[in-house]
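Input: a single structure, listed below in structure tokens.
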Amino acid sequence: MDMNGIHFGITDWSSVPPTEHTGETGTATWRTREFGKVRVRMVEYSPGYLADHWCSRGHVLLVLEGTLTTELSTGEVVTIEAGSSYQVGDDMEAHRSSTTGGARLFVVD
């Protein structure tokens, strides 16, 4: 992650316009800021959300609310609760997310 040339700044996430992304089931609502090559998002998954794709992009992800289940291409399944995070590098383990009760995430990639 290249964070060079990014000046100090504050984001009021409630003022960032949302975009909706339909999953295989449910929806993901993103509020996104871009800082050079760094994408920062506040993401809300609806209850019953299942991603419609396998992702190979690297992330640092923090669960703010709810429970997130992440399936890895290796077959491993991990579940993390609010207050826990994961990190994965670009082109490492492909992954896809789901949640039964909904989740709110903070993601940097």
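Keep in mind that what you see is a predicted model, and the values were worked out from it rather than measured. Sequence positions, counted from 1, serve as the residue numbers for this chain.
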query: Are any non-hydrogen side-chain atoms of T19 and T29 less than 4.5 angstrom apart?
result: no

- request: Could you grab the distance from atom NE2 of H7 to atom CZ of F35, nearest 0.5 Å is fine?
  value: 12.0 Å

message: With rounding to the nearest 0.5 angstrom, report the CG to CG distance, L105 to L62.
response: 8.0 Å

message: If the test is side-chain contact (heavy atoms from CB on, under 4.5 Å), which one of V78, V60, L68 qualifies with Y86?
response: L68

message: My understanding is that only residues two or more places apart in sequence, or in another chain, count here; which of them pass salt bridge (Lys or Arg N to Asp or Glu O under 4.0 Å) with E81?
response: none

query: Are R39 and V108 close enough that some pair of their side-chain heavy atoms sits under 4.5 Å apart?
result: no

task: Find out if a path of hydrophobic residues (ILVMFWY) with successive side-chain heavy-atom gaps under 4.5 Å connects W30 to V16.
output: no

message: Can you see whether W13 has R31 sitting over its ring - NZ or CZ less than 6.0 Å from the centre and within 45° of the normal?
response: no

- line: Tightest non-hydrogen contact, residues R57 and D90, listed as C-OD1, 3.6 Å

task: Flag yes if L50 and L61 sit in one hydrophobic cluster, no otherwise; membership is Ile, Leu, Val, Met, Phe, Trp, Tyr, and two members link when side-chain heavy atoms are under 4.5 Å apart.
output: no

query: Looking only at heavy atoms, what is the nearest atom pair of W54 and S73, with distance?
result: CZ3-N, 3.6 Å

message: Test of understanding: with salt bridge (Lys or Arg N to Asp or Glu O under 4.0 Å), list the residues that count as partners of R33, not counting sequence neighbours.
response: none

message: Quick one: does any side-chain atom of S46 pair with a main-chain N or O of G26 as donor and acceptor, under 3.5 Å?
response: no

statement: CZ of F106 to CZ of R41, rounded to nearest 0.5 Å, is 10.5 Å

Transitive ILVMFWY side-chain link I80 to V77, under 4.5 Å: no

Worked verdict on D109 versus V107 for side chain to side chain contact (heavy atoms under 4.5 Å, CB included): CA-CA 7 Å; D109 50 30; V107 185; 3.8 Å; yes

- prompt: Would you call E71-R96 a salt bridge at under 4.0 Å N-O?
  reply: yes

- prompt: Closest approach of S97 and Y49, non-hydrogen atoms and distance?
  reply: O-CE2, 3.9 Å

query: Between the side chain of T99 and the main-chain N/O of T67, is any donor-acceptor distance below 3.5 Å?
result: yes

Value rounded to 0.5 Å, distance of OG in S84 from CG in L64: 11.5 Å

Residue list, side-chain hydrogen bond (donor to acceptor under 3.5 Å, both in side chains) with H95, at least two apart or on another chain: H59

Distance (rounded to the nearest 0.5 Å) between K37 NZ and I6 CD1: 11.0 Å

message: Is the shortest side-chain heavy-atom distance between T11 and M42 below 4.5 Å?
response: no

